[in-house]
Amino acid sequence: MNGDDTGDGLRCLVTGATGYIGGRLVPELLDAGHRVRCLARSPGKLRDHPWAARTEVVRGDVTDPESVAAALRDVDVAYYLVHALGTGKDFEETDRRAARVFAERARAAGVRRVVYLGGLTPTGVPQRELSPHLRSRAEVGRILLASGVPTTVLRAAVIIGSGSASFEMLRYLTERLPVMVTPSWVGTRIQPIAVRDVLRVLVSSARMPDDVNRAFDIGGPDVLTYRDMMLRYAAVAGLPRRVIVPVPVLTPRLSSQWIGLVTPVPAAIARPLAESLRHEVVCREHDILRYVPDPPGHPIGFDEAVRLALRRVRDAQVTTRWSSASVPGAPSDPLPTDPDWAGGSLYSDRRERTVDAPPEALWRVVEGIGGDHGWYSFPLAWALRGRLDRLAGGIGLRRGRRDAQRLRAGDSLDFWRVEDIEPGRLLRLRAEMRLPGLAWLEMCVDTDAGGRTLYRQRAVFHPHGLLGHAYWWSVSPFHAVVFGGMARNIAGAAAEQARLAPAGERASVR
């Protein structure tokens, strides 16, 4: 592995480093003096993380035995932080197969410990009555515990932290609905835990004694109903008291559609979260304290966890979000290179404009696109496309941005994903909305031979089948309005920013 092999730091492998917990765990492990290798299907997504240069990143997939074996070579502790939630009806089989591959290869590689973050399961509920999500998480834990490698399975319920799916669901439901007709599961008791405590226990679990091979329940100091959580969130956020009316008729499926309408969390992710709340999820034991004692100020209570999360959101310091991992089923193919593309039809829409602004001003507009800034053209058309995507089971436009000003490779951006970014020059987005094909949007800042600033824009579509071709030709009449308007308005916004900039700043950027 990279780094100096001297010292007492452990060699750690983190799977799921592009996800919400994994992306936060890596810097915590580094700060604790460990050396870290990340296994990722798309290593480019980790390129722009501030800690990337301090790690080793290898390409691979947990369902591929060869890549897993290579990633586990010379590793002391392996963190298993992946699951196939929302990848389709057979996600339990995918989870099972991946866990078996990882368990077998970890034993063969001589790994000293596996650490897995799973879900807290209810007491006395038969496995068959658990939600598929919780049932699969529990099965993965059992497979890893039976691997022959000492394993720590940490079982948590709702994780409260800026950007987590559970927190975003809670935040948007509470902030947007002063009066709520809610499912009956809002009366279920839950033991939430702050993400800082989850990370603290994950890091400390690396040094558990070799004879420890078991699961531990982890949770915060508060046991609350979901209704309590919404009311206390409103109090911490300074909102008027919410009126919550539970009704028994909302099934998990209807609940997920309701959550999808109100929050940025799509139904495919909301449904397993809602199903997991049907049963009480409260810690049955606190044995983790034998190996990971609570330092002063920990565990963090619910109100303080919400306060810390809101501060991160308001200060634009959300390091990872629930959408950090790719949307299941979304295209992951890189943009085909031109003109060597030989995979069939490749449609494109190209726009170019001269901009009365320095390149730096234009880049600020390009990098700030999406989220609250919008898409600089025909807002109604973008809103309608987002709504149609949600109705089709996609993620729609409401994911927004991780940071209002800065983007990095792998960031989610409404219903796009940042495939590549070259600061000051290029932003390439890959579509994650539901489409009969693959789509990209490319924005480039350049200068012409006379030194004038140029904005180049290209939309690319690779159709799948006859439906894909029909889709392109059905929407192409609107490209002049949508894409033409985007290019025109981005150029205009850059010119306006340059015009309004103080004289000293204008001189410094030219």
Side-chain angles (χ1 to χ4, degrees), residues 10-16 19 21-22 25 29 39 61-63 65 68-69 71-72 75-85 91-157 159 191 193 197-219 272 276 279 281-292:
L10 298 171
R11 295 163 295 187
C12 300
L13 173 72
V14 176
T15 64
I21 292 293
L25 176 63
L29 290 170
L39 175 66
D61 189 292
V62 288
T63 60
V68 171
L72 287 167
V75 163
D76 296 314
V77 180
Y79 285 89
Y80 193 78
L81 303 175
V82 296
H83 57 94
L85 173 64
F91 82 91
E92 289 183 84
E93 174 56 32
T94 303
D95 271 341
R96 186 180 303 119
R97 185 173 71 253
R100 286 173 177 165
V101 167
F102 198 82
E104 292 167 1
R105 296 301 168 172
R107 183 176 63 250
V111 172
R112 289 164 50 184
R113 176 160 299 279
V114 170
V115 181
Y116 169 61
L117 179 62
L120 191 58
T121 53
T123 305
V125 177
Q127 290 289 317
R128 65 180 181 278
E129 295 182 17
L130 293 177
S131 70
H133 168 58
L134 278 183
R135 187 169 60 233
S136 182
R137 302 297 286 272
E139 183 182 18
V140 168
R142 291 194 297 271
I143 291 171
L144 296 175
L145 286 168
S147 66
V149 178
T151 296
T152 301
V153 173
L154 302 173
R155 299 185 298 209
I159 296 176
Q191 191 163 354
I193 183 171
D197 282 319
V198 173
L199 295 171
R200 176 177 60 82
V201 176
L202 281 168
V203 172
S204 298
S205 294
R207 294 193 180 278
M208 279 193 178
D210 291 344
D211 61 349
V212 175
N213 184 65
R214 57 161 293 186
F216 297 90
D217 293 351
I218 60 172
S276 300
H279 302 290
V281 278
V282 175
C283 294
R284 290 163 290 189
E285 43 80 13
H286 300 282
D287 296 348
I288 191 68
L289 295 177
R290 299 178 193 172
Y291 307 100
V292 186

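These numbers come from a predicted model, not from an experiment.
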Does a side-chain N-to-carboxylate-O contact under 4.0 Å join Arg142 and Glu139? no
Mind checking side-chain hydrogen bond (donor to acceptor under 3.5 Å, both in side chains) for Ser136 and listing every partner two or more places apart, or none if nothing turns up? Asp95
For Leu144 and Ala103, the nearest pair of non-hydrogen atoms, with its separation, is CD2-CB, 4.2 Å
Determine the sole option in Asp197, Leu154, Ile218 for which the side-chain contact (heavy atoms from CB on, under 4.5 Å) test with Leu202 is passed. Leu154
Hey, does the side chain of Thr15 reach the backbone of Leu81 with a donor-acceptor pair shorter than 3.5 angstrom? yes
Would you call Leu10 and Arg112 a side-chain contact if the rule is heavy atoms closer than 4.5 Å? yes
As an exercise, state the distance from OG of Ser205 to CD1 of Ile288, rounded to the nearest 0.5 Å. 5.0 Å
Mark yes or no for whether Glu285, through its side chain, and Asp217, through its backbone, hold a donor-acceptor pair below 3.5 Å. yes
Using every non-hydrogen atom in the two residues, find where Val149 and Val111 come nearest and quote the distance to one decimal. CG1-O, 3.3 Å
Is there a side chain to side chain contact (heavy atoms under 4.5 Å, CB included) between Ile21 and Ile159 once you walk through the steps? CA-CA 10 Å; Ile21 292 293; Ile159 296 176; 4.3 Å; yes
Of all residues at least two apart in sequence or in a different chain, which pass the side-chain hydrogen bond (donor to acceptor under 3.5 Å, both in side chains) check with Arg214? Asp287
Taking every non-hydrogen atom, the tightest pair across Ala206 and Val77: O-CG2, 3.7 Å
Are any of the side-chain heavy atoms of Cys12 and Val115 separated by less than 4.5 Å? no
Do Arg207 and Asp76 touch side chain to side chain, with heavy atoms closer than 4.5 Å? no
Check side-chain hydrogen bond (donor to acceptor under 3.5 Å, both in side chains) between Thr152 and all other residues, then give those that pass, not counting sequence neighbours. Arg113
Where is the tightest heavy-atom contact between Leu39 and Ala71, given as atom of each residue plus distance? CD1-CB, 3.9 Å
Within-4.5 Å side-chain heavy-atom neighbours: Val212 and Pro150: no
Would a 4.5 Å heavy-atom cut-off, applied to side chains only, mark Phe102 and Leu13 as touching? yes
side-chain hydrogen bond (donor to acceptor under 3.5 Å, both in side chains) involving Tyr116 - partner list, sequence neighbours excluded: Arg137
Flag the pair Thr63 / Val101 as yes when at least one side-chain heavy-atom distance between them is below 4.5 Å, and no otherwise. no
What heavy-atom pair brings Ala138 and Thr121 nearest, and what distance separates the two atoms? CB-CG2, 4.2 Å
To the closest 0.5 Å, what do you measure between CG (Leu72) and CZ (Arg105)? 9.5 Å
Sorted by chain and residue number, the side chain to side chain contact (heavy atoms under 4.5 Å, CB included) partners of Asn213 (sequence neighbours excluded) come out as Leu145, Thr151
Interatomic spacing from CG in Leu117 to NE2 in His83 - rounded to 0.5 Å: 8.5 Å
Between Pro209 and Tyr291 the two heavy atoms that sit nearest each other are CD-CD2, 3.8 Å
Taken in chain and number order and not counting sequence neighbours, the residues that satisfy side chain to side chain contact (heavy atoms under 4.5 Å, CB included) with Val203 are Leu25, Glu28, Leu29, Ala32
